[in-house]
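Please see the structure below; I have some questions.
Chain naming here is simple, since letters A, B, ... match the order of the sequence lines and numbering starts at 1 in each.
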Amino acid sequence: MSIILLLSRALQMSTPLILGSTAEVYSEKTGVMNIAIEGIFLLGAWGGFVGAYKSGSIAFGFITALLGGALIGVLYGFITIKLKQHQIVTGVALNILLASLTVFMYRVIFGVQLTPLRIQPLERISIPILANIPFFGEILFNQNIMTYIVLLMVPIAYWILFRTRVGLIIRSTGANPEAVDAAGINVEKVRYTTIIITSSITAVAGSFYTLGFLGMFTSDIIGGRGWIAFAICFLGNWHPIGALLGALAFGLADGLSVFFQTSSLNLIPNEFIIALPYILTIIATVVRKKFNVPEYLGTPYIKEEV
Amino acid sequence: MSHLKNRSNSVKDLFLDKFNNKLVLILSSVFSIFMGLTVSGLLMLFLNQNPVEAYKLIIEFAFIDSYNIANIFAKSTPLILTALAFGFAFKAKLFNIGAQGQFYIGVLAAVFVSLKLGWMPPFFVLSLSLAASFAAAGIWASFIGYFKAYFNANEFLVSMMSTYVAVAIMDYLLRGPLQESKGEYPQTDLIPNTAKIPTFINGTQFHYGFFAAVGAALIIYYILWHTRLGFHIRAVGQNRNAAEFSGINEKKIFIIVFLICGGLAGIAGFMQVNGINHMAVQGFEADIGAAGIGVAILGNANPIGIVFAALLFSTLEVGGLMLTQTSSLPSSIIGIMQGSVVIFVVISYFINNKFNILKRKRKLINNGEEI
């Protein structure tokens with residue numbers, strides 16, 4: 001495997017992580033950790049596959065994934081924001097449920113299948129002229145449509161969060177909900193809206209694994225990548241650009257482990273390469289002193305009665 | 001007088017009088033179980049299964065013969081321990097999501113000791129294997145507490161990431177140093193007979209480890225409510241600032257709590273290696289950690305509640321498995337039953353909170369009137 005192939009694959013594998021971790025940044029900025037992220041990734045992968053297989057259109061697959069994510073966003077928001085229950089406990093419970101529910105509904109819809117059903121995943125689109133740039137062209141401009149959109153989305157996500165009124169409200173809701181409330185803005189409404197939108201986007205990120213990469217659904221298709229997106233949000237210091245860099249690092253590690261598996265080099269055990277991003281995450285969490293953690297992350301807002 | 005007036009007031013007051021927190025907790029748990037099973041039952045309709053029939057069969061199958069009944073106890077053994085690994089930390093408002101990894105570290109320690117020291121008399125092998133699994137996983141997890149205490153690292157994140165590292169270590173060892181002598185599959189050799197936990201009922205998987213797991217739950221209960229350490233742990237869980245103010249060393253608590261939690265999950269590994277599988281296999285029991293969290297939530301993180309919750313989950317598992325073998329229902333329905341029960345438990349916490357607040361409010365009002 002050449003270095004170009006390695007980096008190209010790294011960018012491909014980071015695509016859903018960039019999208020998922022940016023969505024997590026947004027919801028955590030309002031004070032709500034989306035712990036259901038692993039389950040939503042899985043639901044997105046499932047929903048995307050079902051929609052695309054049944055309709056024959058990948059675009060429709062993205063829509064079904066989006067709707068599935070929105071549904072979980074409504075449920076998660078209802079329990080954590082309206083009922084003010086613990087976010088970690090609620091999220092973990094939803095993950096347990098979704099892990100089985102997706103497999104069950106796959107069976108309901110498709111019956112018993114001896115070999116997994118397949119769809120044609122998104123094809124790589126080589127952008128004329130740009131793709132001819134030596135080295136970088138091959139890596140950056142020969143990806144599928146989702147990678148392009150996600151990369152374009154990063155500066156937009158940054159701009160919305162730090163340069164618009166909506167972004168200001170989102171950031172203030174996690175940093176100082178009382179001030180937001182005093183300004184006449186409904187804190188719970190901001191959180192609820194954000195969690196529904198970000199859950200939908202997270203599901204689309206998850207659908208990348210079926211629609212943009214593998215073309216089929218298996219129960220272990222996500223295998224902890226939702227948690228990685230969650231960790232990237234921390235590592236990226238609750239910042240869209242940080243999330244981009246973190247996701248690229250994880251994508252690179254993913255690419256490297258394939259690289260070492262296929263190469264004859266046997267210097268390092270492959271398991272070490274696989275574990276490396278997790279070890280680095282732990283080290284980064286430990287050594288990092290200054291975090292921009294939203295002040296009220298994880299705490300439900302209880303309006304004082306007058 | 002005021003007391004009487006209050007009482008005649010409404011059904012709500014009567015309800016508050018007659019019911020105490022524990023009773024409400026138990027009632028709401030039963031309600032959650034009912035609701036969770038109802039929702040799962042509705043899903044069964046998709047596959048043209050009569051849910052009432054299905055549940056009847058699950059109960060029937062679960063208790064059909066001594067083998068299945070014994071299996072319920074066998075399956076609940078590691079579940080009790082991984083649930084305690086989550087629940088004990090939860091009492092200090094710490095989140096140990098890494099029980100799966102701690103379980104694997106325990107598995108590795110237990111299988112290593114059993115293979116190397118199998119020539120010793122059974123009592124020594126088993127004790128050493130148990131101690132090694134507790135110590136190895138305990139030390140492994142205590143780093144999470146240490147990072148939390150001295151570097152303010154988020155324990156939720158670190159414990160979650162540590163699982164993936166443990167999985168990688170296990171994969172490496174089962175492919176290399178600990179691999180079976182045939183060298184074919186990523187698994188170890190069978191442990192010698194001396195290292196097997198004796199079975200409680202012959203010909204079944206029900207081994208004495210179950211009583212050890214229940215013993216562990218009782219010890220945790222005792223620690224939490226009858227020792228200084230337990231008092232400190234609960235104090236840290238209730239109000240960290242107040243605890244520190246009253247001179248409790250919260251750093252020490254973080255490390256000790258994670259040490260014990262890791263150790264408990266590690267013992268679960270010992271139970272599976274020495275009691276059930278008699279070897280370590282790559283990626284086995286891959287959801288024992290997540291299931292443990294579910295059990296802990298259903299048991300309200302109470303050690304005694306956890307034992308009953310684990311028995312319920314195992315009953316669903318044993319009866320459900322036989323149901324899926326004899327009907328068109330896939331085994332994922334078991335996970336759905338467990339998952340939706342847990343969701344309703346979380347929702348019912350809301351009712352419990354409301355009840356406690358109402359009760360406290362009324363107490364305040366009554367006291368006020370008496371003055």
query: Are side-chain heavy atoms of B:F147 and A:I282 found at a separation under 4.5 Å?
result: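 Contact flag for B:F147/A:I282 side chains = yes.
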task: With a 4.5 Å cut-off on heavy-atom pairs, point out which of B:A286, B:G176, B:S331, B:A153 contacts chain A the most.
output: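 Looking at each option in turn, the highest pair count goes to B:A153.
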message: So which residue, A:G224, A:P277, A:G111, ends up with the most heavy-atom pairs under 4.5 Å with chain B?
response: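 Most pairs with chain B among the choices: A:G224.
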message: Shorter than 4.5 Å, heavy atoms on both sides: which option in B:S40, B:S332, B:A168 has the most such pairs with chain A?
response: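 Of the options given, most contacts go to B:S332.
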message: Given heavy-atom pairs under 4.5 angstrom as the criterion, report whether the side chain, backbone, both or neither of B:L43 touches chain A.
response: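 Both parts, heavy atoms under 4.5 Å.
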query: Can you check whether B:N353 reaches A:Q85 side chain to side chain, under 4.5 Å on heavy atoms?
result: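 Counting from C-beta outward, B:N353 and A:Q85 do come under 4.5 Å.
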query: How are the rings of A:Y278 and B:Y164 set relative to one another: parallel (under 30°), tilted (30 to 60°) or perpendicular (over 60°)?
result: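 The arrangement is parallel - the two ring planes meet at less than 30°.
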- prompt: If you round to the nearest 0.5 Å, how far is CD1 of A:I79 from CD1 of B:I343?
  reply: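 Answer rounded to 0.5 Å: 5.5 Å.
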- prompt: Do other residues, nucleotides or ligands put more than 12 heavy atoms under 6.0 Å from B:Y172 OH?
  reply: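 No, OH of B:Y172 has 12 or fewer neighbouring heavy atoms, counting only those of other groups under 6.0 Å.
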query: Contact part of A:V89 toward chain B, heavy-atom cut-off under 4.5 Å: side chain, backbone, both or neither?
result: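 Answer is both: backbone and side chain atoms of A:V89 are under 4.5 Å from chain B.
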- prompt: With a 4.5 angstrom heavy-atom cut-off, which part of B:I297 approaches chain A: side chain, backbone, both or neither?
  reply: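 B:I297 touches chain A through side-chain heavy atoms alone.
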message: Assess the residue pair A:V286 and B:Y150 against the criterion (side-chain contact (heavy atoms from CB on, under 4.5 Å)); give the C-alpha distance rounded to whole Å, side-chain angles, the decisive distance to 0.1 Å, and a yes or no.
response: CA-CA 9 Å; A:V286 170; B:Y150 292 96; over 6 Å; no
query: What option among B:A166, B:G294, B:G339, B:S162 has the most heavy-atom pairs under 4.5 Å with chain A?
result: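 Top count of heavy-atom pairs under 4.5 Å with chain A: B:G339.
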message: Side chains of A:M105 and B:F46, heavy atoms from C-beta outward: is any pair under 4.5 Å?
response: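 Of all side-chain heavy-atom pairs linking B:F46 with A:M105, at least one is under 4.5 Å.
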- prompt: Taking B:Y349, B:F95, B:F143, B:F86 one by one, which has the highest count of heavy-atom pairs under 4.5 Å against chain A?
  reply: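 The residue among B:Y349, B:F95, B:F143, B:F86 with the greatest pair count is B:F95.
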- request: Drop me the distance from A:R107's CZ to B:S328's OG, to the nearest 0.5 angstrom.
  value: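 Going from CZ on A:R107 over to OG on B:S328, the span is 6.0 Å.
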task: Mind checking the CG-CZ spacing from A:L97 to B:F344? Nearest 0.5 Å is all I need.
output: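 Answer for the CG-CZ pair, A:L97 versus B:F344, is 9.5 Å.
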- prompt: Is it true that atom CG of B:N152 has more than 12 heavy atoms of other residues, nucleotides or ligands lying nearer than 6.0 Å?
  reply: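 At most 12 heavy atoms, drawn from other residues, nucleotides or ligands, come within 6.0 Å of this atom.
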- prompt: Which answer fits A:F234, side chain, backbone, both or neither, if we ask what part of it has an atom under 4.5 Å from a heavy atom of chain B?
  reply: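 The side chain, not the backbone.
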query: About how many Å separate NZ of B:K148 and OG1 of A:T285, when rounded to the nearest 0.5 Å?
result: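 These two atoms lie 12.0 Å from each other.
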message: Heavy-atom pairs under 4.5 Å with chain A: which of B:R175, B:M337, B:Q338 has the most?
response: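 That would be B:R175.
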query: Do B:M160 and A:F230 come within less than 4.5 Å of each other through their side chains, counting heavy atoms only?
result: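 SC-SC contact between B:M160 and A:F230 confirmed.
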- request: Report yes if the side chains of B:V342 and A:V92 come closer than 4.5 Å at any heavy-atom pair, otherwise no.
  value: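 The answer is no, as the side chains (C-beta and beyond) never meet within the 4.5 Å cut-off.
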- request: Could you have a look at A:I88, A:I35, A:I279, A:I274 and say which one has the most heavy-atom pairs with chain B under 4.5 angstrom?
  value: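 Result: the option with the highest number of such pairs is A:I88.
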- request: Could you tell me whether A:F78 atom CZ has more than 12 heavy atoms of other residues or ligands within 6.0 Å of it?
  value: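 Incorrect, the count does not exceed 12.
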Per-residue contact mode, A:T281 against chain B (heavy atom under 4.5 angstrom):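 It is the side chain, since no backbone atom gets that close.
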Inter-residue atom distance B:L47.CG - A:F104.CZ, 0.5 Å rounding: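 B:L47 atom CG to A:F104 atom CZ measures 4.5 Å (nearest 0.5 Å).
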- request: Tell me, out of A:I96, A:N95, A:T102, A:T90, who's got the most heavy-atom pairs with chain B below 4.5 Å.
  value: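 Among A:I96, A:N95, A:T102, A:T90, the one with the most close pairs to chain B is A:I96.
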field: CZ-CD distance between B:F156 and A:Q87, expressed to the nearest 0.5 angstrom
entry: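 Separation between the atoms: 10.5 Å.
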